[in-house]
Amino acid sequence: GRSLGLHCILTIQSIADLAQKIDRNPNLFIRQILANCNVFWIHRMNAAEDAELLAKTLGTDASMLYTAQIDSFGATGTGSVRPERTFKAHPDDIKHLPTGHGYILNKNNLKMGVQPILGRKGRLADRN
């Protein structure tokens with residue numbers, strides 16, 4: 001449908017809503033739906049599993065983890081640095097979003113990345 005310019009807006013309260021009436025392999029159906037979406041507009045999810053799945057869908061960023069070694073007197077001056085991946089939107093953040101706040105990812109414009117959205121007086125407002 002995308003190549004023909006067809007669009008669909010899908011809204012759900014939870015990921016489980018997608019598979020409610022699917023008898024055979026509901027997880028496959030959920031994966032198919034998510035794989036065919038280009039724009040994700042995510043607000044608070046109450047279920048930990050939903051928040052985790054959507055955080056994974058939004059993706060991760062490369063970062064560095066810095067550690068410091070301490071003893072009973074304080075910092076020893078040694079530590080380590082290692083690469084790691086961090087969520088663009090952490091599942092805990094998705095679970096605790098205030099009303100009207102969320103994240104948006106538009107796969108048609110990946111250079112924008114994952115953008116936070118803030119609701120203000122019934123209108124969307126940019127963080128800046």
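When a residue number appears, it is its place in the shown sequence, counting from 1. Just so you know, these numbers come straight off a predicted model, no measurement behind them.
- Between Arg44 and Thr99, the closest side-chain pair of non-hydrogen atoms falls below 4.5 Å.
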Discussion item. Does Leu65 form a side chain to side chain contact (heavy atoms under 4.5 Å, CB included) with Thr86? I'd like the steps, not just the answer.
Written reply: CA-CA 10 Å; Leu65 176 64; Thr86 56; over 6 Å; no
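- Between Lys107 and Phe40, some side-chain heavy-atom pair lies under the 4.5 Å cut-off.
- Between Leu34 and Leu53 the shortest side-chain heavy-atom distance falls below 4.5 Å.
- Atom-to-atom distance recorded for Met64:CE and Thr67:OG1 is 11.0 Å, nearest 0.5 angstrom.
- Asp50 is not listed as a side-chain neighbour of Ile94, based on a closest heavy-atom distance of 4.5 Å or more.
- Looking only at distances, no side-chain donor or acceptor of Thr78 sits under 3.5 Å from a matching main-chain atom of Gln69.
- The closest side-chain heavy-atom distance from Asp93 to Tyr103 is below 4.5 Å.
- Annotation: side chain of Met112 is not in contact with side chain of Asn106 (no heavy-atom distance under 4.5 Å).
- Going from atom CG of Asn109 over to atom CG of Asn38 covers 11.5 Å, rounded to the nearest 0.5 Å.
- Taking the six-membered ring for Trp and thresholds of 30 and 60 degrees, His43 and Trp41 have ring planes inclined between 30 and 60 degrees apart.
- What you find for Val114 and Leu58 is that their closest heavy atoms are CG2-O, 3.8 Å.
- Ile30 places none of its side-chain heavy atoms less than 4.5 Å from the side chain of Ile22.
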